[in-house]
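Below is one structure; the comments refer to it alone.
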Amino acid sequence: MEDSSLDGIKYQPTSRIRSIGTLLLAFVLLFSSCKVLKPGLPSPKTEFRGVWIATVVNIDWPARGTDSWEKQKKDYLNLLKFYKDLNFNTVIVQIRTAGDALYPSDLAPWSRFLTGKEGEAPAADEDPLKWMIARAHEYGFEFHAWLNPYRATFDLKTEVLAQDHDYFLHPDWMIKYGKKYYYNPGLPEVRQKLVEVIAEVTARYDIDAIHFDDYFYPYRIQGENFDDQQSFEAYADPNQDLEDWRRSNVDSLIAQAHRSIKSHKPWVQFGISPFGVWKNNSTDPNGSDTRAGQTTFEDLYADPLVWMEKGWIDYLIPQLYWSMDLEVASHRKLVNWWSAKVKHTNLYIGNGAYKIRNNSDKAWKRKKELPKQLEFARSLPEVQGNAFFSAKSLLSGKEDVVKHIQKRLYQKTALTPASHQKGELLNAQPEFLSQKEASNFYQLSFELHAPDQYQYALVYATRKPEQLDTTDMNQLIAKIHLNGRSVFNLGKKLIAKKGAIAVTFLDRYRTETKSIVLHLNETRI
């Protein structure tokens, strides 16, 4: 597919260029001016920049469940470094793929995608999830714990499942559909179990969010029936049809999960990434101008519009994995549609980075397809960022795309947006206490009221004190994970030749405090 801006334009030869020298000069002037004509776009201070790290069947990480823990750690750090260098700020890591866990759990067996054998603990002296979260925070990332709630198995090879898998413990919860088993969403005990899983993760780990993707009721399979008739007859209200009852089951899980998360840690966000088409306008005038074969409302029985209206989620990332002007499902049209529908929720856009040079749609062969999508999202005030599926997509063979994004769009770091459900600001402003000087760093000490509620210290610096501006991300020189501390070190090389620095603190609700300005030529620092 060609850019619509080129429609109807044809090359016409001209006799006005009279010499080869004139032609060469024209090209020289054109290419030498590219940097002037196309500078990097203004970098916003807050913008969600996320990437999904899929663990199911080892899509992104770990490379193999049979790898040593040391090898797996190295590979994970390589992913973090790659995306930190691209100025991303969030990793969405899959910690439950199919009734399993990539962490020690009382409610599910160890995942074979982490350890090579389901139910077998890793040969490690540390909790893998705790380690992953700590490293992500040290790199400046938020860690969003991604769970698949309803998928019970990835295939029909039940012999590979551990004996404490729910398939064996609760066979009455299972529905076989296609080549997988699913938890029956219509059973109250299933919803209770899933809420317990969410509560376990939220209470035990220093996560920043719980995340669901698009797998609610399974995508339809032609000629197969999802056999939940018995539970429908047992639990549906008299006035409910099957479709409305199924949607009410999903709604109940979302509401219960939200209450559970906020009751344990109100600052932990709850985000969902639904399939990108709610409904086609052929079945509902409120739907999008698309011709999707399946929709999130009618086929997956999920209604994100209700979740936003009720305030059950902190953010939504519709999966808009199509090219900008694809006829049946235009990325452009869908971003506009979701932008018009968003309410009480942060809206980010899910981008299909995995399709670059790997799809029948010719638009994905162009290096600027994904950057154009990012630019379009940034042009709409309702959209506050993007997330890429999946992590390995940009690691090789896409260097030109990566460079374009880095130079033009993500040239500076950005903070993650605060949730609409952000908590109250801490009453007391942090105060500077003292500094100690070592050979190559300053140690700065502050008084932080409720220090556990501050996650990062942000340091801004400039040569001219009168120009110090904490809204200018060009002046941000350090983002330091505090981990409950009120003291941190600042390298002298980092602040060399700077006239002043400003220190702010970012709390767990992603709210930044007022700045504390420190003049480097004063005796206290």
Side-chain angles (χ1 to χ4, degrees), residues 42-49 84 87-90 137-142 208 267 269 346 384-385 410-438 440-525:
S43 185
K45 177 161 185 173
T46 61
E47 184 174 62
F48 188 89
R49 300 174 185 172
K84 179 179 174 60
N87 286 320
F88 277 61
N89 54 32
T90 304
H137 285 161
E138 288 174 4
Y139 274 72
F141 292 104
E142 286 192 7
D208 299 287
W267 60 85
Q269 293 193 14
N346 287 354
Q384 295 177 273
Y410 289 180
Q411 65 270 39
K412 292 294 178 181
T413 189
L415 306 180
T416 53
S419 169
H420 281 263
Q421 303 180 31
K422 63 184 179 183
E424 294 183 4
L425 291 172
L426 298 173
N427 292 327
Q429 168 74 5
E431 297 178 16
F432 175 69
L433 294 179
S434 64
Q435 62 86 19
K436 294 181 181 179
E437 185 174 353
N440 58 354
F441 65 87
Y442 292 106
Q443 185 180 81
L444 306 181
S445 178
F446 296 83
E447 182 177 1
L448 300 180
H449 306 274
D452 285 345
Q453 288 302 303
Y454 293 102
Q455 199 166 22
Y456 290 98
L458 305 176
V459 182
Y460 303 82
T462 181
R463 290 175 179 269
K464 298 180 179 180
E466 68 276 9
Q467 295 180 359
L468 196 58
D469 182 5
T470 58
T471 67
D472 182 359
M473 295 306 283
N474 288 305
Q475 296 187 18
L476 182 67
I477 61 170
K479 181 180 180 182
I480 302 165
H481 186 238
L482 295 172
N483 197 25
R485 298 173 297 149
S486 57
V487 177
F488 62 86
N489 297 335
L490 195 61
K492 287 184 175 180
K493 287 185 178 180
L494 197 62
I495 55 177
K497 298 181 181 180
K498 303 296 185 183
I501 65 170
V503 179
T504 66
F505 294 89
L506 202 63
D507 72 15
R508 289 186 176 273
Y509 293 98
R510 299 136 181 101
T511 302
E512 192 174 8
T513 66
K514 295 179 181 178
S515 61
I516 300 171
V517 177
L518 304 174
H519 294 279
L520 304 185
N521 57 358
E522 293 183 3
T523 56
R524 64 175 180 175
I525 191 165

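Remember, it's a predicted structure, so these values are computed and weren't measured experimentally.
Considering only residues two or more places apart in sequence or on other chains, Pro465 meets the side-chain contact (heavy atoms from CB on, under 4.5 Å) condition with Ala500, His519. Under the side-chain contact (heavy atoms from CB on, under 4.5 Å) criterion, Gln443 pairs with Lys436, Phe441, Val487, Asn489, not counting sequence neighbours. Residues satisfying the side-chain hydrogen bond (donor to acceptor under 3.5 Å, both in side chains) criterion with Ser419, sequence neighbours excluded, are Asp314. Residues satisfying the ring-ring contact (aromatic ring centres under 6.0 Å, His included) criterion with Phe141, sequence neighbours excluded, are absent altogether. Scored by the side-chain contact (heavy atoms from CB on, under 4.5 Å) test, Asn483 finds His481 as partners (sequence neighbours excluded). Take Glu431 and apply the salt bridge (charged side-chain N to carboxylate O under 4.0 Å, His left out) test, not counting sequence neighbours, and it matches no residue. With sequence neighbours excluded, the residues satisfying side-chain contact (heavy atoms from CB on, under 4.5 Å) with Asp208 are His137, Glu142, Phe143, His144, Gln455, Arg510. In this structure, the side-chain hydrogen bond (donor to acceptor under 3.5 Å, both in side chains) partners of Glu47, at least two apart in sequence or on a different chain, are Arg49, Arg378.
Closest non-hydrogen pair, Gln269 versus Pro417, comes out as NE2-O, 4.1 Å. Looking at every heavy atom in both residues, Ile516 comes nearest to Pro430 through CD1-O, 3.4 Å. Nearest approach of Thr470 to Ala502, heavy atoms of both residues: CG2-CB, 3.9 Å. Residues Asn346 and Ala418 share a closest heavy-atom pair of ND2-O, 2.9 Å.
Under the 3.5 Å distance criterion, the side-chain polar atoms of Gln429 are matched with a main-chain donor or acceptor of Lys514. Of the possible polar contacts, none joining the Asn89 side chain to the Gly140 backbone as a donor-acceptor pair under 3.5 Å is found. Although no hydrogens or angles enter the test, the distance criterion places a donor-acceptor pair under 3.5 Å between the side chain of Lys492 and the main chain of Ala438.
To the nearest 0.5 angstrom, Leu518 atom CG is 9.5 Å from Leu490 atom CG. For the atom pair Gln475 CD and Leu468 CG, the distance stands at 5.5 Å (nearest 0.5 Å). Here the OG1 atom belonging to Thr504 is positioned 8.0 Å from the CG atom belonging to Leu476, to the nearest 0.5 angstrom. Distance check, rounded to the nearest 0.5 Å: CG of Leu448 to OH of Tyr454 gives 6.5 Å. Rounding to the nearest 0.5 angstrom, the gap separating the CG atom in Asp507 from the CG atom in Leu482 is 11.5 Å. To the nearest 0.5 Å, atoms OG1 (Thr511) and CG (Leu415) are separated by 11.0 Å.
Note on residues 445-460: no pairs pass salt bridge (Lys or Arg N to Asp or Glu O under 4.0 Å), not counting sequence neighbours. Residue pairs meeting the side chain to side chain donor-acceptor pair (under 3.5 Å) criterion with at least one partner in residues 457-466, sequence neighbours excluded, are Lys45-Tyr460, Tyr460-Glu512. Sorted pairs that involve residues 479-491 and meet salt bridge (Lys or Arg N to Asp or Glu O under 4.0 Å), not counting sequence neighbours, are lacking altogether.
Side chains of Phe488 and Val503 form a contact here, defined as non-hydrogen atoms less than 4.5 Å apart. Side-chain atoms of Met473 and Thr413, non-hydrogen and from C-beta on, do get closer than 4.5 Å to each other.
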